[in-house]
Amino acid sequence: MKKLSNDVVITFDYELFLGVDSGTAEKCIIKPVNYILEEFEKYNGKGIFFVDATYLLTLKKFQHPDFKIISQQIQEIVKRGNNVELHIHPHWLDASPLDNKRWTFVNFDKYRLHSLTKENILSLFLDGKRILEKIIHKVDPFYKISAFRAGGWSIVPFDEGLKLAFLKSGIKYDFSVLPGFRKNQLPMHYYDFTSASQVKPYWRFSNNPNVEDDNGQFVEFPVTTCKLFGVYLLINKLLNSKNKISGDGKGAVAVNLSNKIKKIFLNQMCLLTIDRCSIYLLMKIIHKVGDRKILTIVSHPKEFSESSRRNLKFILEKYNTLTLKAINDVVVPLPEN
């Protein structure tokens, strides 16, 4: 089948649920990721897996039996030619085992990286990079972590602590920006990407990932976003209402029904994802952004469903997929130190 002219970067947040029920590694991570890897093999696809390193550090801290099986899957991901990169959810620092499968979070005071001191941010980056590379080096001794996605998208403000952590840990690429999106639920959750470009597939930056800087030390690779009429999202919700996700946990999401109803009649920001997304909505988004050279997709294996499977198959049949090496060699060379 002939591929379309766009290239696609498929990214996955490799993590458990981070709310009232963490779910289990088997159903939230292991099984759906195994399925994704099998589909990649069929269609010669590749992806970037942002592994929650704070989860790994917590597994190791408690000598949890899931550490071994997670490590083996991470190695398999790399062996098959995919990227494993750094993802950080700091409130794992306050987690403890509920039993031998699930976890409880004492509180969410550390949800944002910004809740930590500059020294603690740096330590978390270095420890996260170290544990990931130690696992990966058993199958690829020269592998180096070079990309990052912030937990909860909380990359702004990109203050001195975060910039220092990027520099010291060798992070060159960031994948944390959702152009056009904004959330203000301080102190737990905050981001503001309303000033970021909604048409450029990537740009260099230095002190603010929203702002392009031709001489920047880092490269921002934002998730592809667009505006759609709210009724499309309502139709999607109805089409997807019976789709059961793979994960057996539950996040901490507060829904304001009144605001949801109002938004049906307004244009809303949408991100390009294969999760909780019917093929109807996926096609609407692709049609809206289809002329962009590179599309960046975000997915969460814990939210994989039958519609996710259909969407993934469609993407792999229609598009060439890029790894960080392809991005670096063909698309955007890494900035010099």
Side-chain angles (χ1 to χ4, degrees), residues 3 7-16 24-60 64-88 125-149 169-173 175 221 246-247 274-275 296-304 308-309 311-313 315-317 319-331 334:
K3 303 275 186 175
D7 288 322
V8 161
V9 180
I10 311 179
T11 69
F12 301 92
D13 287 4
Y14 187 102
E15 62 188 22
L16 296 183
T24 62
E26 179 186 12
K27 291 189 177 180
C28 294
I29 299 173
I30 300 300
K31 285 188 175 180
V33 170
N34 280 341
Y35 174 84
I36 291 164
L37 294 178
E38 288 169 7
E39 290 299 286
F40 278 176
E41 287 293 305
K42 289 180 190 174
Y43 297 98
N44 195 29
K46 296 290 184 288
I48 302 174
F49 292 78
F50 287 96
V51 174
D52 190 345
T54 29
Y55 168 52
L56 288 176
L57 290 166
T58 306
L59 286 172
K60 185 142 189 172
H64 198 280
D66 283 345
F67 182 78
K68 182 178 180 180
I69 190 168
I70 292 289
S71 298
Q72 289 172 339
Q73 188 172 65
I74 289 171
Q75 291 163 359
E76 187 63 25
I77 290 170
V78 173
K79 280 167 65 176
R80 296 193 186 202
N82 304 284
N83 288 112
V84 164
E85 301 298 330
L86 183 63
H87 189 40
I88 291 178
F125 268 73
L126 293 176
D127 290 346
K129 175 185 170 78
R130 191 176 299 116
I131 196 169
L132 277 172
E133 289 184 345
K134 186 174 181 180
I135 291 168
I136 295 167
H137 284 172
K138 292 182 179 179
V139 295
D140 183 349
F142 302 106
Y143 194 98
K144 289 191 180 297
I145 300 294
S146 63
F148 175 72
R149 173 170 285 156
S169 59
I171 298 297
K172 300 289 188 180
Y173 288 116
F175 285 75
F221 234 91
S246 59
I274 55 179
D275 304 330
T296 298
I297 298 172
V298 62
S299 176
H300 295 76
K302 65 189 179 186
E303 294 190 350
F304 238 62
S308 304
R309 294 184 180 95
N311 294 337
L312 180 62
K313 180 180 178 182
I315 294 294
L316 293 175
E317 286 178 340
Y319 295 93
N320 293 312
T321 55
L322 302 178
T323 60
L324 281 180
K325 185 178 186 307
I327 290 169
N328 185 39
D329 290 348
V330 180
V331 182
L334 285 169

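Heavy atoms only: backbone and side chains are in, while hydrogens, waters and symmetry mates are out.
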_Euclidean distance, Lys313 NZ relative to Lys42 NZ, rounded to 0.5 Å_ = 7.5 Å

*Assess whether atom CG of Leu126 is packed by more than 12 heavy atoms of other residues, nucleotides or ligands within 6.0 Å.*
yes

*Taking the six-membered ring for Trp, are the ring centroids of Phe175 and Phe50 within less than 6.0 Å of each other?*
yes

*Nearest heavy-atom pair of Gly81 and Lys46: which atoms, and what distance?*
O-CD, 3.3 Å

*Work out which heavy atom in Ile29 is nearest to a heavy atom in Leu16; give both atom names and the distance.*
CD1-CD2, 3.8 Å

*asked:* Go through it in stages, so that I can follow the logic: the residues are Ile74 and Phe49, the test is side chain to side chain contact (heavy atoms under 4.5 Å, CB included), and I'd like the CA-CA distance, side-chain angles, deciding distance and then a yes or no.
replied: CA-CA 9 Å; Ile74 289 171; Phe49 292 78; over 6 Å; no

*Verify whether the ring centers belonging to Tyr14 and Tyr55 lie closer than 6.0 Å.*
no

*Please report the C-alpha distance between Leu322 and Val8 in whole Å, then the side-chain angles of each, then the deciding distance to 0.1 Å, and finally whether the side chain to side chain contact (heavy atoms under 4.5 Å, CB included) criterion is met.*
CA-CA 6 Å; Leu322 302 178; Val8 161; over 6 Å; no

_Steps toward side chain to side chain donor-acceptor pair (under 3.5 Å) verdict (His300, Asp13)_ = CA-CA 5 Å; His300 295 76; Asp13 287 4; 3.2 Å; yes

_So, taking the atom named CD1 in Ile136 and the one named OG in Ser71, what distance separates them when rounded to the nearest 0.5 Å?_
10.0 Å

_Side-chain touch Ile297/Val9, heavy atoms, less than 4.5 angstrom_ = no

*Using modelled atom types only, decide if a donor and an acceptor are shared between the side chain of His137 and the backbone of Tyr143 within a distance under 3.5 Å.*
yes

*Side-chain touch Val84/Leu132, heavy atoms, less than 4.5 angstrom*: yes

*Where Gly47 and Asn82 come nearest, the two heavy atoms and their spacing*: N-OD1, 2.9 Å

*Please assess Ile131 against Phe67 for the test side chain to side chain contact (heavy atoms under 4.5 Å, CB included), listing each intermediate value before the final yes or no.*
CA-CA 11 Å; Ile131 196 169; Phe67 182 78; 3.9 Å; yes

*Output the distance between atom CD (Glu41) and atom CD1 (Ile36), rounded to the nearest 0.5 Å.*
13.5 Å

*Keeping to residues at least two apart or across chains, list the salt bridge (charged side-chain N to carboxylate O under 4.0 Å, His left out) pairs with something in residues 76-88.*
Glu76-Lys79, Glu76-Arg80

*Can you see which heavy atom on Leu316 is nearest to which on Thr321, and at what distance?*
CD2-CG2, 4.0 Å

*asked:* Tell me the closest heavy-atom pair linking Asp66 and Ala25, and the distance in Å.
replied: OD2-CB, 3.6 Å

*Residue pair Leu312 / Phe40, side-chain heavy-atom distance below 4.5 Å*: yes

*asked:* Working to the nearest 0.5 angstrom, can you tell me the gap between Tyr35 OH and Ser246 OG?
replied: 11.5 Å

_Contacts of type salt bridge (charged side-chain N to carboxylate O under 4.0 Å, His left out), residue Lys68, not counting sequence neighbours_ = none

*asked:* Rounded to the nearest 0.5 Å, what separates atom OG in Ser146 from atom CG in Leu86?
replied: 10.5 Å

*Any chance you could lay out the side chain to side chain contact (heavy atoms under 4.5 Å, CB included) test for Glu133 and Ile145, step after step, and finish with the verdict?*
CA-CA 7 Å; Glu133 289 184 345; Ile145 300 294; 3.6 Å; yes

*Salt bridge flag under 4.0 Å for residues Lys302 and Glu15*: yes

*asked:* Please check this pair: side chain of Asn83 against backbone of Leu324, looking for a donor-acceptor N/O pair closer than 3.5 Å.
replied: yes

*Of the non-hydrogen atoms in Leu56 and Ile70, which two are nearest, and what is the gap between them?*
CD2-CG2, 3.5 Å

*Report the distance from atom CD1 of Ile171 to atom NZ of Lys129, rounding to the nearest 0.5 Å.*
6.0 Å

*asked:* Would you call the rings of Phe12 and Phe304 parallel, tilted or perpendicular, taking 30° and 60° as the class edges?
replied: tilted

